[in-house]
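Along the sequence shown, residues are numbered consecutively beginning with 1. When a ligand or atom number is given, it counts from 1 through the structure's own listing order.
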Amino acid sequence: MKSLKKLKVGIICYPSLGGSGVVATELGIMMADKGHEMHYITSGKPFRFHNAYPNIHFHEVKIDGYAVFKYPPYDIALANRIAQVIESEQLDLLHVHYAVPHAISAALGKDMANSTIGVITTLHGTDVTILGRDPGLRNTVRYGINKSAITTAVSESLRLETMKLIDPETEIKTVYNFIDEKRYRPVDPGSLKTEMGIKPHEKVIIHISNLRKVKRIPDIIMSFKEIIKSVDAKMLIVGEGPEKLKMEALVKKEGLQNNVIFTGKRDDLPELLAMSDVMFHLSEKEAFGLVLLEALACGLPSVATNVGGIPEVIEDGVNGFLVSLGDVKTAAEKVIMLLTDDKLHKTFKENGFMTASGKFQSAGIVEQYEKLYYEVADEI
Ligand code: GMT
C-alpha cells in the first residue's frame, strides 16, 4: 500500500433543504475530522453548516442573468467553477451528490481544466427514479454515471432500479446513508411539548420532509383523521415545501386545524423527535428515507410505506410497521397500535437503536466512502 496522504476533495451538492445536502454535509464534516481537505463547490452554504469547521472550504458558484438567457445556465457556471477549483486547489477527486446536473457539470469542469481526476457520483433517489424516467433527461443521467469513475447509490433498491432503468456501462455500489449519532440520540426535549401547546397526555405523531407531492402528505392527514377517533394526539408537520399551502388548506377543510401543527423548517430536530411518539412517512418514492434513520436513533418507531429503500431501514414488525402505498386505513391502525401498546412501543424503540447503531453506523460508512476516495485518487 502506498502512503495514505490526506486528500483534497471537491464536493458538489444542493445546498438547500433535502437529504442529499444533509448527507453531503455530514460526510464532509466527518472526512474533514479525519484530516482531509473538503472543498464545497455550491450555489450557497449547505443549510446544515452552522459553524466554521477546520479543513472545510466553500467556493460559491455565481451566475448572472443576461437578457439573452431564458434560463441562466447554472450547470455551465458550475462546470466553470469546478474547473477553477480543480486548478487552484489541486484537487485529488470530486464527489458529486445527486446526478443531475452535478455529474454532468463535473465531467465538463474536469474537461475544461484538462484534468484526469476521478469523479464519484452518489445517486440519492429522484435523480434516477423521477429524472431518470424523463425522456428529456434519461440520457443525461446515463452520461453522468458513465463519466464517473465510481457511482454509488444510497440503498440497494436504488442501485437495482438504476441498473434497470438507466442501464449504465459501469457497476454501481450501494453505500448506505448515515447520521451524526452525536446529534441524533434520545436528547431531553425539556418543555418543548408544552411550549408547542400540546397537553402532557396527548400523543405526538411527527412527519418531517420537504413537503413535495412525492411525500403524499394528504395520505398522512387523512390517516391522522382516523387516528384521532381513537387516540388523543397532535400531528407535527415539520419542513417547508411546495405543497405546504395546499396542505394547510386540506387540514382546515377536514377540520383538523386544532390538531395539526405546521412548524415550518426547524433546527431542533433531535428535540422534536425526542418529544414525539411515532414517525409517520407515507411517501410514494423514497430511495432511503434519512428522517426514518434520524427517528430510529432518537428512539422513535416509524409507520412508513413499503416502497423503494424504506424496507432497508424500517423492518416491518421489528422497528416499525410498513404499509402499502395509499392504504391510509392500515396506516392509521398501525399508528394506533404503537400509540396504545407501551410494551410494543418500547420493543420497537430498542430495536430501532440497534438498527441505527448497526449497519448504518457512521464510522463504518464514512470508512467505505474514504476507501472509494483513495481508490479514485489512486492512493492505495
Ligand atoms: O428528495 C429528493 O428528491 C432528493 C433527495 C434530497 O436531496 O432530499 O432525497 C433523496 O435523498 C435522500 C438522501 O440520500 C434520501 O434519504 C431520500 O429517500 C431521497 N428521496 C427520494 O428518493 C424521494
So, is Val154 polar-close to ligand 1, with some N/O to N/O distance under 3.5 Å?
no
Does the side chain of Glu195 come under 3.5 Å of the side chain of Ser191 through a donor N or O and an acceptor N or O?
yes
Is the shortest N/O to N/O distance between Ser20 and ligand 1 below 3.5 Å?
yes
Return the orientation label for the His57 and His39 ring planes: parallel under 30°, perpendicular over 60°, tilted otherwise.
parallel
Sequence neighbours excluded, which residues qualify as salt bridge (Lys or Arg N to Asp or Glu O under 4.0 Å) partners of Glu60?
none
So, is Lys285 polar-close to ligand 1, with some N/O to N/O distance under 3.5 Å?
no
Heteroatom proximity flag, Val23 to ligand 1, N/O under 3.5 Å
no
Min N/O separation Phe288 to ligand 1 under 3.5 Å
yes
Parallel, tilted or perpendicular: which describes the rings of Tyr369 and Tyr373, with under 30° parallel and over 60° perpendicular?
tilted
Determine the minimum heavy-atom distance between Val22 and Glu294, stating which atoms define it.
CG1-OE2, 4.5 Å
Counting heavy atoms only, name the option from His97, Arg212, His124 that's nearest to atom 1 (O) of ligand 1.
Arg212
Leu94: which other cluster members, linking ILVMFWY side chains closer than 4.5 Å, directly or transitively?
Ile12, Ile41, Val61, Ile63, Tyr74, Leu78, Ile82, Val85, Ile86, Leu91, Val96, Ile117, Val119
Under 3.5 Å, is there a donor-acceptor pair linking the side chains of His36 and Asn55?
no
I need the atoms of ligand 1 closer than 4.0 Å to a non-hydrogen atom of Asn177, numbered in the order shown.
13 (C), 14 (O), 16 (O)
Given Gly125, Gly289, Ser155, identify the one with the heavy atom nearest to atom 15 (C) of ligand 1.
Gly289
Charged N-O contact under 4.0 Å between Lys164 and Glu161:
no
Describe, in one word, how the ring planes of Phe288 and Tyr176 are oriented to each other, choosing from parallel (under 30°), tilted (30 to 60°) and perpendicular (over 60°).
tilted
Any N or O on Gly19 sitting closer than 3.5 Å to an N or O of ligand 1?
yes
For ligand 1, which atoms, with element, lie under 4.0 Å from some heavy atom of Ala287?
18 (O), 21 (C), 22 (O)
Per-atom contacts of ligand 1 with Tyr98, taking only distances under 4.0 Å to non-hydrogen atoms
4 (C)
Give the contacting part of Tyr14 toward ligand 1: side chain, backbone, both or neither, where contact means a heavy-atom distance below 4.0 Å.
neither
Note: Thr129, heavy atoms under 4.0 Å from ligand 1, region reported as neither
Can you find a side-chain donor-acceptor pair between Ser283 and Thr305 that sits under 3.5 Å?
no
Under 4.0 Å from a heavy atom of Leu290: give me the atoms of ligand 1 that qualify, with their elements.
16 (O)
Tell me which part of Glu286 gets within contact of ligand 1: side chain, backbone, both or neither, using heavy atoms under 4.0 Å.
both
Can you check whether Lys215 has an N/O within less than 3.5 Å of an N/O in ligand 1?
no
Should Gly18 be counted as touching ligand 1, given the test is an N or O pair under 3.5 Å?
no
State plainly whether the residues Asp267 and Lys265 are in salt-bridge range, i.e. N to O under 4.0 Å.
yes
